[in-house]
Amino acid sequence: MTSANSRLRFAPSPTGFLHVGNARAALFNWLEARRTGGEMRLRVEDTDRERSSSELVENILTSLRWLGLDWDGEIVVQADNLQAHREAALSLLDQGRAYWCDCVSEAVQARAKARGGPPGYDGFCRTRGLARSDATALRFRTPDDGVTGFTDLVRGEVSFENKTIEDFVLLRSTGMPMFLLSNAYDDAAMGITHVVRGEDHVPGTPKYLLLRDALGLGRPEVFAHLPMLVNEGRKKLSKRKDAVSVADFAAQGYLPEAMVNYLALLGWGPSDGIEIRPLAEIIEQFRLEDVTPSPAFFDVKKLQHINAEYLRALPVDEFIERARPFLSGPEVEAVLTTIAPLIQERVRLFTEIEPMVAFLLDGPLTPDDASWDKAMVKGINAREMVDAAIAGLTQVTEWEVEPIRAAVEAAAVSAGVVNAQGEAQLSKAQGPVRVATTGRSVGPPLFESLAALGQTRTLDRLRAARARL
RNA sequence: GCCCCCAUCGUCUAGCGGCCUAGGACACCGGCCUUUCACGCCGGCAGCACGGGUUCGAAUCCCGUUGGGGGUGCCA
């Protein structure tokens with residue numbers, strides 16, 4: 001299985017951005033190639049001129065690079081091989097393995113409906129002997145009997161009776177080759193040994209095989225059809241309906257290494273059960289034959305968990321460095337630096353940082369209603385607590401965590417926020433102070449936050465809050 | 001309709017005939033820790049779709065049923 005000269009490929013179509021399903025397919029190809037010391041090639045399948053665009057090619061390349069999935073050699077652009085694809089198709093025409101057909105899709109459907117049979121092409125033009133024109137497409141003539149099958153590393157033996165495979169289009173009436181032709185031809189031309197792609201390609205595989213056989217192109221060594229990635233409705237992920245763009249995840253503040261780690265877990269799992277681990281170990285343990293055949297739900301919650309783990313594991317300097325693109329400016333970066341370690345273990349995404357450090361920025365603070373209500377309205381002796389805090393904090397000469405803590409503790413006692421033993425109840429007492437100074441009822445540890453805020457701003461905010469009470 | 005595929009906790013998975021009174025992770029629910037939140041730790045909830053076989057023995061093999069999905073384009 002471990003052939004040192006294996007050659008795999010990821011062949012996206014630039015008719016959409018790179019989504020997590022594509023990314024997972026790219027990753028599994030990449031893992032197999034890197035583990036075996038084989039090659040990972042990239043091919044752009046742009047035979048649909050109407051829907052392909054260079055912007056989409058850029059999006060795909062950018063996302064692949066972001067994920068760290070590199071490739072070997074030059075990118076193969078299918079449009080560059082049009083001529084070879086056409087010639088191959090025409091050679092089939094010469095052999096009588098293909099024929100011209102002028103049936104438009106509507107006509108095919110209408111006939112199917114009229115005869116009450118199954119939808120799909122019925123071989124209407126097989127014997128009509130049509131000539132090539134700008135209204136005819138070239139169709140491949142599939143065998144009427146026999147079986148076409150293949151061995152799939154994920155699914156075992158899969159076979160189709162040839163009579164169930166309809167004649168399919170090789171060349172459009174415009175002369176442009178169709179996906180199946182270009183795909184099969186280029187796989188052979190590139191010497192692809194392992195065809196690893198989504199399960200949605202299974203029904204097309206016998207056509208692919210029949211074509212390669214007819215063209216005398218041989219067959220790839222291995223097929224592996226990966227399970228679909230599905231949404232909460234257990235339906236195949238849709239670029240249109242589901243939020244699955246890799247670029248979007250990048251923009252939301254996910255770490256590429258976390259994304260890759262999570263993607264590796266969809267349809268595969270290490271036998272020792274250790275899910276979060278270095279890429280090198282994943283490469284080492286990954287086996288195509290261990291991929292699960294059943295569909296997997298893309299669970300953002302779990303992705304977030306894994307991302308948070310990776311975020312916390314970052315050296316604090318790197319955390320700040322990598323957070324920079326997600327911060328609105330140098331001011332935010334400056335304040336983040338003062339309490340980064342406290343923030344780092346509280347965020348799951350880079351985009352969660354800014355709201356958490358916003359209180360350290362200059363300017364007026366408007367506590368959110370829910371927090372105000374919770375601490376100031378429903379809190380115990382909120383007014384007394386704020387008064388006592390102002391008085392106590394004013395006296396603090398060394399504006400550092402411990403003195404601040406001592407002052408708030410003393411304020412709690414004088415404000416009557418105490419337990420049965422008459423001791424300060426910090427968990428209750430900090431509420432009004434926290435909301436007054438940070439605007440929220442949750443956040444980084446309070447005394448550290450106040451130390452970073454500074455005495456003047458702390459007192460200003462406490463007084464402003466007191467005025468509202 | 002026809003063809004193909006799939007089926008272990010809510011979710012992702014381990015399991016590849018006895019080690020399984022089914023393990024881990026996410027989520028969820030308790031508790032501990034604690035200046036809020038988060039982290040961490042401890043504990044809990046919860047699953048082999050169903051029915052037949054094969055076998056001394058089945059989550060693991062076979063068949064069927066049911067359910068789900070994919071394909072069925074002059075899209076890829």
Side-chain angles (χ1 to χ4, degrees), chain A residues 11-16 45-48 50-52 101-105 108-109 112 116-121 135-139 152 154-155 158-161 163-166 168-174 176 178-180 182-183 198-206 225 227-228 230 232 234-236 262 265-276 290 292-299 301-306 308 312 342-348 356 371 374-375 405 408-409 412 424-431 433-435 438 440-449:
Chain A
S13 168
T15 54
E45 309 228 312
D46 56 351
T47 52
D48 184 343
E50 313 284 293
R51 297 193 304 149
S52 296
C101 168
D102 65 356
C103 299
V104 293
S105 160
V108 173
Q109 283 170 31
Y121 188 66
T136 54
L138 188 68
R139 276 189 197 270
D152 190 291
V154 179
R155 279 146 231 286
V158 182
S159 66
F160 297 77
E161 291 203 51
K163 67 180 177 206
T164 66
I165 305 170
E166 61 196 49
F168 56 94
V169 173
L170 257 19
L171 253 28
R172 297 170 165 87
S173 51
T174 59
M176 277 296 287
M178 290 286 287
F179 160 75
L180 237 13
S182 295
N183 181 261
E199 188 193 344
D200 46 347
H201 288 284
V202 169
T205 303
H225 287 96
M228 251 35 262
V230 299
E232 38 284 87
R234 305 300 300 179
K235 297 266 200 274
K236 173 182 172 182
Y262 177 60
L265 264 18
L266 294 176
W268 178 80
S271 53
D272 61 13
I274 300 173
E275 298 185 320
I276 298 179
D290 290 339
T292 336
S294 48
F297 170 65
F298 186 85
D299 187 356
K301 287 257 186 64
K302 184 149 182 171
L303 206 211
Q304 286 178 347
H305 168 79
I306 291 176
R312 284 195 295 273
L342 300 176
I343 297 300
Q344 190 172 359
E345 61 179 10
R346 286 175 172 74
V347 295
R348 292 171 305 176
M356 217 170 266
S371 294
K374 182 179 175 190
R405 175 200 179 95
V408 172
E409 214 160 343
Q425 270 207 295
L426 274 186
S427 62
K428 297 277 195 321
Q430 61 136 0
V433 179
R434 176 181 289 282
V435 171
T438 73
R440 302 173 67 186
S441 58
V442 298
L446 182 63
F447 311 128
E448 284 79 353
S449 296

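Order of the sequence lines fixes the chain letters, A, B, ..., with proteins taken first and strands second; residue numbering starts at 1 for each chain.
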Can you check nucleotides 25-30 of chain B for protein contacts, nitrogen or oxygen pairs under 3.5 Å, and list what you find?
unit_1	atom_1	unit_2	atom_2	d
B:rA25	O2'	A:Glu275	OE1	2.7
B:rA25	O2'	A:Lys302	NZ	3.4
B:rA25	N3	A:Lys302	NZ	3.2
B:rC26	OP1	A:His305	NE2	3.2

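- For the P atom pair drawn from B:rU55 and B:rC48, the interatomic distance equals 26 Å after rounding to whole Å.
- The partner of B:rG1 is B:rU72, judged by Watson-Crick or G-U wobble contacts that both fall below 3.5 Å.
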Item checked: Evaluation steps, side chain to side chain contact (heavy atoms under 4.5 Å, CB included), between A:Cys101 and A:Tyr121 -> CA-CA 11 Å; A:Cys101 168; A:Tyr121 188 66; 3.3 Å; yes

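- With both ends at atom C1', the span from B:rA49 to B:rA59 equals 12 Å, rounded to whole Å.
- The separation between A:Gln109 atom CD and B:rG1 atom C1' is 14 Å, rounded to whole Å.
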Within the sub-3.5 Å range, which N or O atoms of nucleotides 43-45 of chain B have a protein N or O partner, and how far apart are they?
none

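- Base engagement by A:Ser441 is indicated by at least one non-hydrogen atom pair under 4.0 Å involving a base atom.
- A distance of about 39 Å separates the P atoms of B:rG52 and B:rU72, rounded to the whole Å.
- Separation of the C1' atoms belonging to B:rU8 and B:rU60 is 11 Å when rounded to the nearest angstrom.
- Taking atom P on both nucleotides, B:rC29 is separated from B:rU66 by 39 Å, rounded to a whole Å.
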Next item on the list: Output, in order, the C-alpha distance, side-chain angles, deciding distance and verdict of side chain to side chain contact (heavy atoms under 4.5 Å, CB included) for A:Val433 and A:Leu446.
Entry: CA-CA 8 Å; A:Val433 179; A:Leu446 182 63; 4.0 Å; yes

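- A gap of 12 Å separates the P atoms of B:rC61 and B:rG18, to the nearest Å.
- Counting heavy-atom neighbours within 6.0 Å of A:Arg348 CZ, excluding the residue itself, gives a total of 12 or less.
- With both pairing distances under 3.5 Å, B:rC20 is matched to nothing as a Watson-Crick or G-U wobble pair.
- Nearest to the side-chain atoms of A:Phe447 among the listed nucleotides B:rA14, B:rC3, B:rU35 stands B:rU35.
- Note on A:Glu448: a base of the nucleic acid sits closer than 4.0 angstrom, heavy atoms only.
- Across all strands shown, nothing is found opposite B:rA38 as a Watson-Crick or G-U wobble partner with both distances under 3.5 Å.
- In this pair, A:Tyr262 and A:Phe298 present their aromatic rings perpendicular. The plane angle is above 60°, beyond the 30 to 60° band.
- Comparing B:rG24 with B:rA46, their P atoms are spaced 15 Å from each other, to the whole Å.
- Base contact: A:Arg405 has a heavy atom under 4.0 Å from a base atom.
- Within the nucleic acid shown, A:Pro206 has no heavy atom closer than 4.0 Å to any nucleic acid atom.
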Note to self: I'd like to compare against my own output: the B/S/- annotation of nucleotides 67-76 of chain B with a strict under-4.0 Å heavy-atom distance to protein.
What the structure shows: --SBSSSBBB

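- B:rU11 sits 15 Å from B:rA7 when the C1' atoms are compared, rounded to a whole Å.
- Looking at heavy-atom distances under 4.0 Å, A:Leu266 makes contact with sugar-phosphate atoms alone, never a base.
- Ion pairing between a basic and an acidic side chain is recognised when a charged N comes within 4.0 Å of a carboxylate O; A:Lys236 and A:Glu199 show no such pairing.
- Counting any heavy atom pair closer than 4.0 Å across all strands shown, A:Arg155 reaches sugar-phosphate atoms only and no base atom.
- The residue A:Gly431 sits apart from the nucleic acid: no heavy atom pair falls under 4.0 Å.
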